[in-house]
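Here the structure is laid out as structure tokens; the discussion comes afterwards.
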There are 2 protein chains.
Amino acid sequence: MKYLSPQYEDVKPLLTAVDCIIFGVQGTELKLLVFKREIDPFAGCLSLLGRFVKVDEGINEAAGRILFELTGLENIYMEQLHCFGRVDRDPGGRVVAIGYWSLIRVDQNHMEFNVRSHETMWISIDRISELVLDHSEMAELAISNLREKARFKPIGFELLPEEFTLGQLLTVYQAIFDHPIDDRNFRKRMLKSELLIPLPKKDKSTSKKGSFLYKFNQETYHRLSKEGYNFGF
Amino acid sequence: MKYLSPQYEDVKPLLTAVDCIIFGVQGTELKLLVFKREIDPFAGCLSLLGRFVKVDEGINEAAGRILFELTGLENIYMEQLHCFGRVDRDPGGRVVAIGYWSLIRVDQNHMEFNVRSHETMWISIDRISELVLDHSEMAELAISNLREKARFKPIGFELLPEEFTLGQLLTVYQAIFDHPIDDRNFRKRMLKSELLIPLPKKDKSTSKKGSFLYKFNQETYHRLSKEGYNFGF
DNA sequence: CCAAAAGTGTTCCGTGTACACCCATGG
DNA sequence: CCATGGGTGTACACGGAACACTTTTGG
């Protein structure tokens, strides 16, 4: 490396990994996708999904690849969280881990991969402290990032299927923040935001009256993702 | 590495660097500390200050050390920004760079190091596009992070000396946001926030009347850093 | 006495918040 | 006809935004 000057003789390359903090909403609860480690150390413990970055791929590509390898899902909302690099964070060696968090829609898609790699499982976020290494710290940080982000960017939609009802959307936000949100104010804000495109159909699966389906407006979504929008939570 | 399974034969450790995005306010302007590269490639171009992470130090420690080596300053506000890892980001080799941004008080302290390492210089933030590699991207991201943060956390104080006037504080915020802020509303907000401890002295250097000096309340500062506080910018 | 910066209060408007009732329908 | 979830409107309080004049004092 031509950049290395003599004073940096103790500079050596470091193993670099990506760890994925994957959120989904099941029922009314925010869940985290983890797996049971099969290899020592910590075999049997809960761990985030992670792999090493290859030398010929960018870290974002690595994150996408890793998510795909582990879940079979592509084109997923994914965001870099933070880089974790304490010397002793991993007793197996000096590994710098880049955390990425993502939101996935828990619908039929997810069922497939959940069967496929049967060691993965969804856990409730109050079990975060059971994670190995500094994974609890990562997950905690990811949650506060998610909440922070959700207040100003319309990311709640990433957790829903293409077509959804306002009730489902409300449920998602309540799961993210883990506290109740006023139904009427929520509807007002959402409808005013122009993020929703009303569809001429109803979902009758949960009530006799049926509730209108919406899809979300990609255009407004991208505009508001940039500009920011105060949802007032 | 016992973690490496056969499928990861192309996993090799990567060089890991820290790049520092250092902000300071000079006069009424937000400035960035950079240096003129002496080594090829890009000798003569503007570059952020960066060094490699050693194998026996954590990345946060590395960031602190690097800032110290390059500026002589310690105990500086410093925050991890983002990890940059495109394969081709550095033509000199595969280097993953972790960006850290910091705020320094531009007073007598800084004069020292500015003399010491005479290749470093403060540039106006509208010269960011002149930076080499992906350093412009880093600096742009750091600015938006800084602004975002400044809206909710009382970080403006990090850019001021121990004792300062409300006028100076206002100047700092105007420099950060690059637009004028209403004087009277600003004072109201700041005084109400309990972040300021009034001192029984005046600074007469800038006016005949003299303006009161304040120091900032560390306790409230830490509380509000955690809780967040809407400064309304 | 005047120039130059420091300091102070009020009004208005918009928006978030709290809150309670009617609607539609399948069984 | 009634139980169940879906959908709607209003009144109030608070906080942010806009805005102009008085104070001090060194020269």
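Here is how names work: the chains are called A, B, and so on, in the same order as the sequence lines, proteins then strands, and each is numbered from 1.
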Practice item. For A/Thr206 and for A/Asp182, find the nucleotide of DNA chain D with the closest heavy atom, then tell me which residue's nucleotide is more 5'. Key: A/Thr206
Review point. Between residues 164-179 of chain B and DNA chain D, which residues have a heavy-atom gap below 4.0 Å?
Key: none
Review point. Within the pair A/Arg184 and D/dT8, is there a side-chain N or O less than 4.0 Å away from OP1 or OP2?
Key: no
Point to revise | Derivation and outcome, side-chain contact (heavy atoms from CB on, under 4.5 Å), residues A/Glu79 and A/Lys149 | key: CA-CA 11 Å; A/Glu79 186 157 332; A/Lys149 202 103 191 176; 2.7 Å; yes
Check your understanding: In whole angstrom, what separates B/Met190's CE from D/dG16's P?
Key -> 12 Å
Study note, to complete from the structure: Quick note, ring-ring contact (aromatic ring centres under 6.0 Å, His included) partners involving residues 179-209 of chain A, not counting sequence neighbours, are A/Tyr173-A/Phe186
Exercise for review: Identify the residue among B/Leu81, B/Ile66, B/Ile76, B/Leu48 that makes a side chain to side chain contact (heavy atoms under 4.5 Å, CB included) with B/Cys20.
Suggested key: B/Ile66
Exercise for review: Look up atom CE in A/Met190 and atom CG in A/Leu170, then write down how far apart they are to the nearest 0.5 Å.
Suggested key: 9.0 Å
Point to revise | Interatomic distance, A/Leu191 CG vs D/dT8 P [rounded to whole Å] | key: 7 Å
Quick one: which protein N/O atoms are closer than 3.5 Å to N/O atoms of nucleotides 10-14 of chain D? Pair and distance per line, please.
unit_1 : atom_1 : unit_2   : atom_2 : d
D/dT10 : O4     : A/Lys188 : NZ     : 2.9

Practice item. Round to a whole Å and report the spacing from CG of A/Leu196 to P of D/dG7. Key: 12 Å
**Study point:** Interatomic distance, A/Arg187 CZ vs C/dC19 P [rounded to whole Å]
**Key:** 19 Å
Check your understanding: Is there a side-chain contact (heavy atoms from CB on, under 4.5 Å) between A/Phe84 and A/Met138 once you walk through the steps?
Key -> CA-CA 8 Å; A/Phe84 298 82; A/Met138 294 187 188; 3.5 Å; yes
Practice item. Measure the acute angle between the ring planes of A/Trp101 and A/Tyr77, then classify it against the limits of 30° and 60° as parallel, tilted or perpendicular. Key: tilted
Point to revise | Partners passing ring pair (Phe, Tyr, Trp, His ring centres under 6.0 Å) against B/Phe164 (at least two apart in sequence or in another chain) | key: B/Phe157
Practice item. Check side chain to side chain donor-acceptor pair (under 3.5 Å) between B/Arg151 and all other residues, then give those that pass, not counting sequence neighbours. Key: none
Review point. Nearest-Å distance, CG (B/Asp183) to C1' (C/dG9)?
Key: 13 Å
Review point. Over how many whole Å does the gap from A/Phe186 atom CZ to D/dG9 atom P extend?
Key: 18 Å
Pull out every protein N or O sitting under 3.5 Å from an N or O of nucleotides 23-27 of chain D, one pair per line with the distance.
unit_1 : atom_1 : unit_2   : atom_2 : d
D/dT23 : O2     : B/Lys209 : NZ     : 3.0
D/dG26 : OP1    : B/Lys204 : NZ     : 3.3

